[in-house]
Chemist: 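Mind looking over this structure? Questions follow.
Chain letters run A, B, ... following the sequence lines, proteins first, then strands; residues in each count from 1. Quantities reported herein were computed from a predicted structural model and do not represent experimental measurements.
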Number of protein chains: 2
Amino acid sequence: MSASERKRAAITEAAIGEFVERGYAGASVDAIAARARVSKPTVYSHFGNKERLFLTVIGGYLRDGYTDLGPLADRIAEAPDPRAALIDFLGSWVEVVLREDVMTLRRLVIGEIDRFPQLGQVWAQVNATNDEALVRAFAALHKKGALDVPRPRQAVRQLTAMTVDAAQLIRTFRPAYEFDEGELEELVSSGVDVFLTAYARG
Amino acid sequence: MSASERKRAAITEAAIGEFVERGYAGASVDAIAARARVSKPTVYSHFGNKERLFLTVIGGYLRDGYTDLGPLADRIAEAPDPRAALIDFLGSWVEVVLREDVMTLRRLVIGEIDRFPQLGQVWAQVNATNDEALVRAFAALHKKGALDVPRPRQAVRQLTAMTVDAAQLIRTFRPAYEFDEGELEELVSSGVDVFLTAYARG
DNA sequence: GTCTATATCTCGATAGAC
DNA sequence: GTCTATCGAGATATAGAC
């Protein structure tokens, strides 16, 4: 790796840190340069201006930081106990989206969406990947006759809305909210039960 | 109304406009004062500093802008067709939360939640009011024997998650997203049907 | 490509007159 | 209470040397 590439990587890392901690307007190019141990003109020569720096760095971070739960989802349809497998899968998903760095990044993107609408597209696109993994699982369960899910994509949105999104929504407005012992498990399993009851075969 | 009160009101309105359009860090007290046609020291004499201005003005706006759907909810339990009444109620709720000013304010609050955690509490509190109206309706339906909803508060969160929150989530990351003809109605009614199937008596 | 140094501007906040 | 005028700090961005 050339010295220039190293500096670019250092700037990227420093910029993510500053943007996440202070927001777009609150982060200064000065501070980013200092944190990356380069001079300010080096930042500008690599990224042009502050807006492009933000878009490049945060957009890349969104894509790279994505946690692919596809392999876990693909086991649901073949599991001996689909309910347990579903709860397990959604539990893992909830764990990921409640991570503090994920939540902070999420709030940053939402807050800057008017200035950077492209980031909303990236976010939606990244999230769709895990949705699709579940869609495949439900299509398989439908085919096997275990469930009656004629519109798997809609069903997936309903299930994740009651579980993953509901948990994330709480922390979106209350970052310090501490879930009680068993509260998250109860939230997930009750959502799964509503879902399975509604989409039961017969 | 005294001249001082008029100026305070003008500052409040101007501050909401600037904060909503530019975010906390992006809005300047200069611009707020100019928009309110007062001098900067007048702003400071009324609100102390920028942070208190933001908290006071946005907090008040959140509380005042709240749309009380309680009366509409109280009709659900007595309606001849509870399903239709529920769909009607949630459709009105969706309409409110998708309004552009509501969405923009929501993104602003989320983006600044680390700096102003109190606003998250206000938001949660305001939203709980509409939740409680639905809780009352389900408790009544449970008592009547029309539904089997032993935990109405949990059930309300599940229903709103699939309908109101799901619609709002889409627009949160994609402000310009246009719902197709009938897409919102389908989203709401399918959510209601999942809910009613899962919580049917028997 | 990368640096030092700086131009230019705007910010939040306040002193002092009225 | 409200104004004009201004302070000091810190912002983005760039010129010019190497």
Side-chain angles (χ1 to χ4, degrees), chain A residues 1-60 108 111-112 114-116 118-119, chain B residues 1-61 108-109 111-119:
Chain A
M1 191 191 271
S2 72
S4 176
E5 284 167 337
R6 263 199 308 277
K7 294 202 174 184
R8 189 186 176 93
I11 294 166
T12 299
E13 191 184 327
I16 291 170
E18 290 293 314
F19 283 134
V20 163
E21 286 170 21
R22 303 175 200 283
Y24 175 76
S28 81
V29 180
D30 263 328
I32 292 168
R35 186 160 170 167
R37 296 177 202 278
V38 300
S39 71
K40 221 169 2 171
T42 302
V43 175
Y44 280 92
S45 82
H46 275 283
F47 294 94
N49 59 39
K50 191 183 177 183
E51 292 205 356
R52 286 228 297 280
L53 172 62
F54 183 84
L55 206 56
T56 306
V57 150
I58 299 296
L108 176 65
E112 301 296 343
D114 284 325
R115 197 192 298 259
F116 303 101
Q118 307 103 303
L119 288 186
Chain B
M1 192 191 272
S2 72
S4 177
E5 284 167 338
R6 262 199 308 277
K7 293 200 176 187
R8 190 187 174 92
I11 294 166
T12 300
E13 191 183 326
I16 291 171
E18 289 293 313
F19 283 134
V20 162
E21 286 169 21
R22 302 175 201 283
Y24 175 77
S28 79
V29 180
D30 265 327
I32 292 168
R35 187 160 169 167
R37 296 176 201 278
V38 301
S39 72
K40 214 166 14 165
T42 302
V43 175
Y44 279 91
S45 82
H46 274 283
F47 295 95
N49 60 40
K50 191 183 177 183
E51 292 204 356
R52 285 226 299 278
L53 172 62
F54 183 84
L55 208 56
T56 306
V57 150
I58 299 296
Y61 188 52
L108 175 64
V109 171
E112 303 296 342
I113 208 88
D114 284 325
R115 196 193 299 257
F116 302 101
Q118 307 103 301
L119 288 186

Chemist: Carefully, step by step, assess Ser4(B) and His46(B) under the rule side chain to side chain contact (heavy atoms under 4.5 Å, CB included).
Modeler: CA-CA 9 Å; Ser4(B) 177; His46(B) 274 283; 3.3 Å; yes
Chemist: Between dC3(C), dA13(D), dT2(D), which one does the side chain of Tyr44(A) approach most closely?
Modeler: dA13(D)
Chemist: Tell me: CZ of Phe47(A) to P of dT14(D), nearest whole Å?
Modeler: 16 Å
Chemist: Taking 4.0 Å as the cut-off, does a side-chain nitrogen or oxygen of Ser28(A) come that near to OP1 or OP2 on dA11(D)?
Modeler: yes
Chemist: Which one, dG1(C), dT6(D), dT14(D), comes nearest to the side chain of Lys40(B)?
Modeler: dT6(D)
Chemist: With the side chain of Val38(A) defined as its heavy atoms from C-beta on, choose the nearest nucleotide among dT14(C), dA13(D), dC3(C).
Modeler: dC3(C)
Chemist: Atom CZ of Arg8(A) and atom P of dT2(C): how far apart are they, to the nearest Å?
Modeler: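 Spelled out: CZ on Arg8(A) to P on dT2(C) is 11 Å.
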Chemist: When you measure from the side chain of Asn49(B), which nucleotide among dA13(C), dT4(C), dC3(D) comes out closest?
Modeler: dA13(C)
Chemist: Could you give the CZ-to-P distance, from Arg52(A) to dA13(D), as a whole number of Å?
Modeler: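 Taking atom P of dA13(D) as the reference, CZ of Arg52(A) is at 10 Å.
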Chemist: Looking at dT2(D), I'd like to know if its phosphate oxygens (OP1 or OP2) sit under 4.0 Å from a side-chain N or O belonging to Thr42(B).
Modeler: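 Checking dT2(D) against Thr42(B), no side-chain N or O comes under 4.0 Å of OP1 or OP2.
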Chemist: In whole angstroms, how far is the C1' atom of dA11(D) from the CD atom of Glu18(A)?
Modeler: 14 Å
Chemist: Name the nucleic acid region contacted by Ala27(B), choosing base, sugar-phosphate or nothing; use a 4.0 angstrom heavy-atom cut-off, strictly under.
Modeler: sugar-phosphate
Chemist: Calculate the interatomic distance between Phe19(A) atom CZ and dT12(D) atom C1'; express it in whole Å.
Modeler: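 From Phe19(A) CZ to dT12(D) C1': 12 Å.
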Chemist: May I have the distance from Arg6(A) (atom CZ) to dG1(C) (atom P), rounded to whole angstrom?
Modeler: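 Between P of dG1(C) and CZ of Arg6(A): 14 Å.
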Chemist: Less than 4.5 Å apart, any side-chain heavy atom of Ile32(B) and any of Val38(B)?
Modeler: no
Chemist: Phosphate oxygens OP1/OP2 of dT4(C): is one of them under 4.0 Å from a side-chain N or O of Ser39(A)?
Modeler: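 The answer is no; no side-chain N or O of Ser39(A) sits under 4.0 Å from OP1 or OP2.
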Chemist: Please report the shortest heavy-atom distance between Glu18(A) and Ala31(A), naming the atom on each side.
Modeler: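 Smallest interatomic distance, heavy atoms only, reads OE1-CB, 3.7 Å.
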Chemist: Any ion pair linking Arg8(A) and Glu5(A) (charged N to carboxylate O, less than 4.0 Å)?
Modeler: no
Chemist: With a non-hydrogen cut-off below 4.0 angstrom, is Asp30(A) in contact with a base, only sugar-phosphate, or nothing?
Modeler: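 Contact class for Asp30(A): base.
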Chemist: Report which part of the nucleic acid Lys7(A) touches: base, sugar-phosphate, or nothing (heavy-atom distance under 4.0 Å, all strands).
Modeler: sugar-phosphate
Chemist: His46(B) NE2 to dT14(C) C1': how many Å, rounded?
Modeler: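 Computing the His46(B):NE2 to dT14(C):C1' distance gives 17 Å.
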Chemist: Is the closest side-chain heavy-atom distance between Glu13(A) and Arg35(A) below 4.5 Å?
Modeler: no
Chemist: Nearest-Å distance, CD (Glu51(A)) to P (dT12(D))?
Modeler: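 My rounded result for the distance is 12 Å.
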Chemist: Using a 4.0 Å heavy-atom cut-off across all strands, classify Ala33(B) as base, sugar-phosphate, or nothing.
Modeler: nothing
